[in-house]
Structures are given as C-alpha cells and as structure tokens.
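The structure appears below as structure tokens.
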Amino acid sequence: MTSTTTPDTVGRAALLVLADGRFPAGGHAHSGGAEAAVKAGRITDAASLAAFCRGRLHTAGLTAAGLAAAAALGHDPYELDAAADARTPSPALRAVARKLGRQMMRAARATWPCAELDALATAFPRGAHQPIVLGVAARAAGLGPEDAAHCVAYETVSGPATAAVRLLSLDPFRATAVLARLAPEMDKVAARAAAAARQGIDALPAASAPLLDITAEQHAAWPVRLFAS
C-alpha cells in the first residue's frame with residue numbers, strides 16, 4: 001500500500017498533537033494566573049475572561065511565543081534559557097516554567113525521540129523554561145517557528161479559559177467562544193514572535209505583565225488552591 005501522507009500533512013498532524021490539551025505536558029494543572037484573578041474579582045464572566053486572556057496573550061504570551069519560535073529555529077538553548085530568566089522577574093513563575101519544562105521534556109522525548117531533546121535534558125536537569133522545550137520539541141516533530149509560536153499563543157489563552165470553567169462554573173460554550181474570537185489575535189502574536197525570532201535572540205519580545213508577576217507570587221503562598229499556578 002502506498003502512503004498518501006505528505007510532509008505538509010505530517011507537519012499539520014504533529015502541530016495538532018503538540019497543541020492538544022491532552023498532550024501530557026502538565027499544563028492542565030495550571031491556570032495561567034486565572035485562579036488569582038478570579039479570587040481578586042478581575043475575572044467574573046466571559047467578558048472579563050476575554051479581557052484577561054487578551055492581556056495575557058499580548059504580554060506573557062508574546063514573550064513566550066518568541067522564545068519557542070527561536071528554539072524551533074535552533075538558536076542556542078543556553079542563551080535562550082538566560083533570555084527567558086531575564087524576561088521572567090517572578091521567582092514563582094520561573095519555577096513554574098522549569099517544572100512545566102521538565103514535564104514537557106518527558107512527553108516530547110517519548111513522542112519524538114531525538115538527540116537534540118536528549119542534549120537539552122542533559123544540559124538542564126532541573127528543567128529548561130517550558131517555551132524553549134516546546135520549541136525544540138516542535139523542531140524534533142518537523143515543525144517550524146510559526147508552529148511553535150502558535151502552540152504557545154494558544155496555550156496562553158486556553159489554560160485560563162479552561163480554568164475559568166472550573167473556577168466559576170462558566171458555561172464551557174462561552175469559554176470556547178472567547179478562544180474562537182481571540183483566534184485572529186493569536187495568529188498575529190504568533191507571526192510577530194516568529195518574525196522577531198528570525199532576527200536573533202536580542203530581538204525577541206520582552207513584553208511584561210507586572211500584575212501577573214505580583215499575583216503569581218501571592219498565589220504561590222496560598223495554603224489552599226485548586227491550581228498549581
């Protein structure tokens with residue numbers, strides 16, 4: 001039997017696997033700052049969820065997407081990890097990024113075994129920042145920088161949207177509608193991140209979200225919480 005699979009369809013299928021919320025990379029245990037925002041009254045319904053997701057997408061999401069795109073292009077992972085540290089002022093968020101990086105690494109090495117992932121795991125036994133691991137995983141799967149950036153852009157908003165359903169008993173249809181309406185902005189963020197990555201590490205976005213940093217530190221100190229971050 002002759003296969004009809006082409007390189008393009010392989011790439012699209014791999015992108016779906018990597019972006020799938022069921023990919024065992026640990027993201028389901030994190031709210032992306034939504035839990036703290038719900039407690040503070042900043043997310044109360046679909047409209048405020050959309051505003052939160054939009055803000056996160058154009059700040060932390062853009063920054064992470066740039067790192068992932070650069071990793072997918074094959075930029076030096078040591079320099080990228082240092083760049084990620086410099087762009088993550090919150091110790092709590094740095095710890096989360098490395099924890100998610102370790103989990104992403106386990107899933108990626110099982111799914112797309114390759115020497116590049118093995119080398120990254122050896123270089124960062126405590127975990128590299130998650131966007132960097134995602135970018136190298138995308139590269140191992142035959143994907144490009146735009147693909148890696150799209151994965152990050154999507155998970156930046158899908159995590160809080162999923163969390164809001166659990167935290168607020170928000171109608172999941174309305175939460176999904178929020179994601180659908182943000183799709184054009186996700187495309188623009190991914191394109192901008194990939195374009196910056198092609199210019200080199202010094203050109204990567206460094207958009208900040210101080211309130212996310214502050215609430216991440218507060219959330220990490222809560223004795224009881226539903227999500228890890």
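Along the sequence shown, residues carry numbers from 1.
Inter-residue side-chain proximity for Leu134 and Pro131 is flagged as unmet; no heavy-atom pair is nearer than 4.5 Å. Under the 4.5 Å side-chain criterion, counting only non-hydrogen atoms from C-beta, Leu57 is not in contact with Leu62. Looking only at side-chain heavy atoms (C-beta outward), Asp187 and His150 come within less than 4.5 Å of each other. Using a 4.5 Å heavy-atom cutoff, the side chains of Val165 and Phe173 are not in contact. Between Gln130 and Glu155 the shortest side-chain heavy-atom distance falls below 4.5 Å. Side-chain contact between Leu15 and Cys151 is present, with heavy atoms from C-beta onward closer than 4.5 Å. Using a 4.5 Å heavy-atom cutoff, the side chains of Leu182 and Cys53 are in contact.
With side-chain heavy atoms closer than 4.5 Å counting as contact, directly or through intermediates, the hydrophobic cluster containing Leu100 also holds Val96.
Listed by chain and number, the residues in a ring-ring contact (aromatic ring centres under 6.0 Å, His included) with His58 amount to none (sequence neighbours excluded). By the ring-ring contact (aromatic ring centres under 6.0 Å, His included) test, Tyr154 is found to be paired with no residue, residues two or more places apart in sequence or in another chain being considered. In this structure Arg174 satisfies the side chain to side chain contact (heavy atoms under 4.5 Å, CB included) test together with Ala46, Asp171, sequence neighbours excluded.
Between Thr88 and Ala84, the shortest heavy-atom distance links the atoms OG1-O, 2.7 Å. Across every non-hydrogen atom of Pro77 and Phe124, the tightest pair is O-CZ, 4.0 Å. When every heavy atom of Tyr78 is checked against every heavy atom of Ala123, the shortest pair comes out as OH-CB, 3.2 Å. When every heavy atom of Leu204 is checked against every heavy atom of Gly66, the shortest pair comes out as CD2-O, 3.4 Å. In plain terms, the two heavy atoms of His129 and Ala97 that are nearest each other are ND1-CB, 3.4 Å. Closest non-hydrogen pair, Leu117 versus Ala140, comes out as CD1-CB, 4.0 Å.
With rounding to the nearest 0.5 Å, the separation of OG in Ser48 from CG in Leu168 is 7.5 Å. Between atom CD of residue Glu79 and atom CD1 of residue Ile201 there is a gap of 4.0 Å, rounded to the nearest 0.5 Å. The distance from the OG atom of Ser90 to the NE2 atom of His219 is 12.0 Å, given to the nearest 0.5 Å. Note that CD of Glu217 is 7.0 Å distant from CG of Leu93, once rounded to the nearest 0.5 Å.
Applying the salt bridge (Lys or Arg N to Asp or Glu O under 4.0 Å) test to residues at least two apart or on different chains, the pairs with a partner in residues 109-122 are Arg109-Asp118, Glu116-Arg139. Each salt bridge (Lys or Arg N to Asp or Glu O under 4.0 Å) pair with one or both residues in residues 191-215, not counting sequence neighbours, appears once here: Glu146-Arg198.
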Next on the checklist: side-chain contact (heavy atoms from CB on, under 4.5 Å), that's the test. Do Thr162 and His28 meet it? Break it down for me.
Outcome noted: CA-CA 8 Å; Thr162 301; His28 65 279; over 6 Å; no
Item to check | Verdict with reasoning, Leu18 to Trp112, per side-chain contact (heavy atoms from CB on, under 4.5 Å) | outcome: CA-CA 11 Å; Leu18 189 58; Trp112 298 290; 3.9 Å; yes
Next on the checklist: As a quick check of understanding, evaluate side-chain contact (heavy atoms from CB on, under 4.5 Å) for Thr111 and Phe23, giving each step before the final call.
Outcome noted: CA-CA 10 Å; Thr111 309; Phe23 190 69; 3.6 Å; yes
Checklist entry - Are Lys39 and Trp222 close enough, and set up right, to give a side-chain contact (heavy atoms from CB on, under 4.5 Å), and what steps lead you there? => result CA-CA 11 Å; Lys39 184 174 181 179; Trp222 291 1; 3.3 Å; yes
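Formation of a donor-acceptor pair under 3.5 Å by the Ser31 side chain with backbone atoms of Phe227 is not found in this model. Looking only at distances, a side-chain donor or acceptor of Gln103 sits under 3.5 Å from a matching main-chain atom of Pro24. Between the side chain of Asp85 and the main chain of Arg94, no donor-acceptor pair closer than 3.5 Å is present. A donor-acceptor pair is defined here as one N or O able to donate and one able to accept, closer than 3.5 Å; such a pair exists between the side chain of Arg56 and the backbone of Gly32. Remark: side-chain polar atoms of His30 are not paired, donor with acceptor, to backbone N or O of Gly159 under 3.5 angstrom. Side-chain atoms of Arg102 never come within 3.5 Å of backbone atoms of Gly127 as a donor-acceptor pair (strictly under, hydrogens ignored). Side-chain N or O atoms of Glu35 include one that pairs as donor or acceptor with a backbone N or O of Leu226 at under 3.5 Å. Without hydrogens or angle criteria, Thr63 side chain to Ala207 main chain gives a donor-acceptor distance under 3.5 Å. The backbone N or O of Gly144 lies less than 3.5 Å from a partner atom in the side chain of Asp147, making a donor-acceptor pair.
No single ILVMFWY cluster, assembled from side-chain heavy atoms under 4.5 Å apart, contains both Val38 and Leu211. Note on Leu80 and Met104: separate hydrophobic clusters, where clusters join Ile, Leu, Val, Met, Phe, Trp and Tyr whose side-chain heavy atoms are under 4.5 Å apart, directly or indirectly. Clustering ILVMFWY residues whenever any of their side-chain heavy atoms sit less than 4.5 angstrom apart, transitively, puts Leu73 in a cluster other than the one holding Val189.
A salt bridge links Arg54 to Glu185: one of the charged nitrogens lies within less than 4.0 Å of a carboxylate oxygen.
In Arg42, the CZ atom is crowded: over 12 heavy atoms of neighbouring residues, nucleotides or ligands sit closer than 6.0 Å. Counting heavy atoms of neighbouring residues, nucleotides and ligands inside a 6.0 Å radius, atom CZ of Arg225 exceeds 12 of them.
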